[in-house]
Undergrad: 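What follows is a structure written as structure tokens; I'll ask about it next.
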Amino acid sequence: MKRVPVHAQFNFDTYIFDLDGTLISSLHDLAASCNYALKLNGMPERTLEEVRMFVGNGVKKLMERAVPGGLENEKFEKTLQDFRQHYMVHNMDNTKPYPDVMEMLEELKNRGKNIAVVSNKFYAATQEICRHFFGDLVDVAIGERENIKKKPAPDTVNEALRQLHANRERAVYIGDSDVDVMTAKNSGMPCISVLWGFRDHDFLLAHGASILISSPLQIL
């Protein structure tokens, strides 16, 4: 297996990953469902780059940013539901794991590591996507639910640790956004920020990232 040199040696028992922009390239499907819902409700569509900056805080926040007037728009709830219905059917049209992600997960699993996914994507989609792409490589997958606070609150991470019976002191969080940096901080664990996702190097540094990697193989 090829190894990519990195300035820090990572050796944890538990690896908790963000999903969109970290493990999977999903921007095109998110944008397609967003624009489907906007167009259906007579609203202007958004560019791919606009959607890139809208994602990261769950689908409700994505649509709040995309819909003119946000939550105050009388069609907001319908547009949100139209997005959800479309995305549940089309969430894997173009979505796929980033290069080297599968190799990285397989090697972590071979080493006996705990692997979890925590996402602000709604629960059913998180479960479906993780099951489809990762199967048994991911031990726990947690998405947005009514009874658990979304990231950057630590609740999803805490729930993952609980289900894994894992030690927080031996865990690391990996994500691609400022929300992920805050989530790791609020969860009391180090954060590895990835550079292949939805936010770039300068943005991540400006929002508190301290460990940045450019390939999934650098996690090994």
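Scope of the values below: all heavy atoms of this structure, side chains included, with no hydrogens, waters or symmetry mates.
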Undergrad: For the residue pair His207 and Phe203, does the interplanar ring angle fall in the parallel (under 30°), tilted (30 to 60°) or perpendicular (over 60°) class?
TA: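 Rings of His207 and Phe203: parallel, under 30°.
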
Undergrad: Does the Asn73 side chain pair with the main chain of Pro68, one donor and one acceptor, at a distance under 3.5 Å?
TA: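 Side chain of Asn73 to backbone of Pro68, a donor-acceptor pair under 3.5 Å: yes, one is there.
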
Undergrad: With side chain to side chain donor-acceptor pair (under 3.5 Å) as the criterion, how do Asn120 and Asn57 come out once you've worked through the C-alpha distance, each side chain's angles and the decisive distance to 0.1 Å?
TA: CA-CA 6 Å; Asn120 280 344; Asn57 296 83; over 6 Å; no

Undergrad: Is the count of non-hydrogen atoms from other residues, nucleotides or ligands lying under 6.0 Å from Asp136 atom CG greater than 12?
TA: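 No, because the 6.0 Å sphere around CG of Asp136 holds 12 heavy atoms or fewer from other groups.
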
Undergrad: Check whether Phe54 forms a cation-pi arrangement with Arg46 (NZ or CZ under 6.0 Å from the six-membered ring centre, at most 45° off the ring normal).
TA: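 Judged by the rule, Arg46 and Phe54 form no cation-pi pair.
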
Undergrad: Hey, mind stepping through Lys149 and Asp155 against salt bridge (charged side-chain N to carboxylate O under 4.0 Å, His left out) and telling me if it holds?
TA: CA-CA 6 Å; Lys149 292 181 180 178; Asp155 299 46; 5.5 Å; no

Undergrad: Looking at Ser25 and Lys96, would you say the former's side chain and the latter's main chain have a donor-acceptor pair under 3.5 Å?
TA: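 No, the answer is negative, given that no donor and acceptor are paired below the 3.5 Å cut-off.
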
Undergrad: Hey, is NZ on Lys113 packed in by over 12 heavy atoms from elsewhere, all under 6.0 Å?
TA: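 Counting neighbours around NZ of Lys113, more than 12 heavy atoms of other residues, nucleotides or ligands fall under 6.0 Å, so yes.
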
Undergrad: State, yes or no, whether a side-chain contact exists between Phe134 and Asp139 at a heavy-atom distance under 4.5 Å.
TA: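 When only atoms from C-beta onward are counted, Asp139 and Phe134 do not touch, as no gap falls below 4.5 Å.
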
Undergrad: Just do the side chain to side chain donor-acceptor pair (under 3.5 Å) check on Asp82 and Asn41 with the steps written out, would you?
TA: CA-CA 9 Å; Asp82 289 336; Asn41 289 280; 2.9 Å; yes

Undergrad: Measure the shortest side-chain to side-chain distance between Ile174 and Asp18 over non-hydrogen atoms and say whether it is less than 4.5 angstrom.
TA: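 Contact flag for Ile174/Asp18 side chains = no.
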
Undergrad: Determine, for Tyr87 and Arg84, whether the Lys NZ or Arg CZ falls below 6.0 Å from the six-membered ring centre while staying within 45 degrees of the axis.
TA: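 That pair does not qualify as a cation-pi contact.
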
Undergrad: Tell me whether Lys39 at atom NZ has more than 12 heavy atoms from other residues, nucleotides or ligands lying less than 6.0 Å away.
TA: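 No, NZ of Lys39 has 12 or fewer neighbouring heavy atoms, counting only those of other groups under 6.0 Å.
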
Undergrad: Hey, are the side chains of Val117 and Thr22 touching, using non-hydrogen atoms and a 4.5 Å cut-off?
TA: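 When only atoms from C-beta onward are counted, Thr22 and Val117 do not touch, as no gap falls below 4.5 Å.
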
Undergrad: I want to check something: taking the side chain as every heavy atom from C-beta on, are Thr14 and Asn167 in contact at a cut-off of under 4.5 Å?
TA: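 The answer is no; the side chains never approach within 4.5 Å.
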
Undergrad: Do side-chain atoms of Gln218 reach the backbone of Ser215 as a donor and acceptor pair under 3.5 angstrom?
TA: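 Pair found, side chain donor or acceptor close to backbone of Ser215.
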
Undergrad: Does the Gln127 side chain pair with the main chain of Ala141, one donor and one acceptor, at a distance under 3.5 Å?
TA: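 Answer holds: yes.
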
Undergrad: Is the shortest side-chain heavy-atom distance between Cys34 and Met63 below 4.5 Å?
TA: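 Counting from C-beta outward, Cys34 and Met63 do come under 4.5 Å.
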
Undergrad: Checking Ser26 against Asp29 for the side chain to side chain donor-acceptor pair (under 3.5 Å) test, could you report, in this order, the C-alpha distance in whole Å, the side-chain angles of both residues, the deciding distance, and whether it holds?
TA: CA-CA 6 Å; Ser26 55; Asp29 286 338; over 6 Å; no

Undergrad: In this structure, which one of Asn91, Thr126, Asp20 forms a side chain to side chain donor-acceptor pair (under 3.5 Å) with Lys121?
TA: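 Of the listed options, the one satisfying the test is Asp20.
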
Undergrad: Among side-chain atoms of Gln85 and Gln81, is any donor-acceptor pair under 3.5 angstrom?
TA: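 On atom types as modelled, these side chains do not qualify, holding no pair under 3.5 Å.
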
Undergrad: The test is side chain to side chain donor-acceptor pair (under 3.5 Å); show your working for Lys109 and Asn114 and say whether it passes.
TA: CA-CA 7 Å; Lys109 183 58 64 175; Asn114 300 314; over 6 Å; no

Undergrad: Please examine the side chains of Tyr173 and Ile192, heavy atoms only from C-beta on, and report whether any two atoms are closer than 4.5 Å.
TA: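 The answer is no; the side chains never approach within 4.5 Å.
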
Undergrad: Between Ser193 and Leu204, which heavy-atom pair has the shortest distance, and what is it?
TA: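 Taking every non-hydrogen atom into account, CB-CD1, 4.2 Å.
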
Undergrad: Gly143 and Ile148: which non-hydrogen atoms are nearest, and at how many Å?
TA: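 Where Gly143 meets Ile148 most closely, the heavy atoms are O-CG2, 4.4 Å.
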
Undergrad: Report yes if the side chains of Leu108 and Phe17 come closer than 4.5 Å at any heavy-atom pair, otherwise no.
TA: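 Yes - at least one pair of side-chain heavy atoms lies under 4.5 Å apart.
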
Undergrad: Between the side chain of Arg199 and the main-chain N/O of Gly21, is any donor-acceptor distance below 3.5 Å?
TA: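 Checked: no pair found.
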
Undergrad: With distance as the sole criterion, is a donor-acceptor pair present between the side chains of Asn186 and Thr183 under 3.5 Å?
TA: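 Note: Asn186 and Thr183 side chains miss the donor-acceptor criterion.
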
Undergrad: Going by heavy atoms in the side chains, are Glu64 and Leu80 under 4.5 Å from each other?
TA: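 Not in contact.
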
Undergrad: Indicate the atoms forming the closest heavy-atom contact of Pro190 with Ala184, along with that distance.
TA: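 Looking at all heavy atoms of both residues, the closest pair is O-CB, 4.1 Å.
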
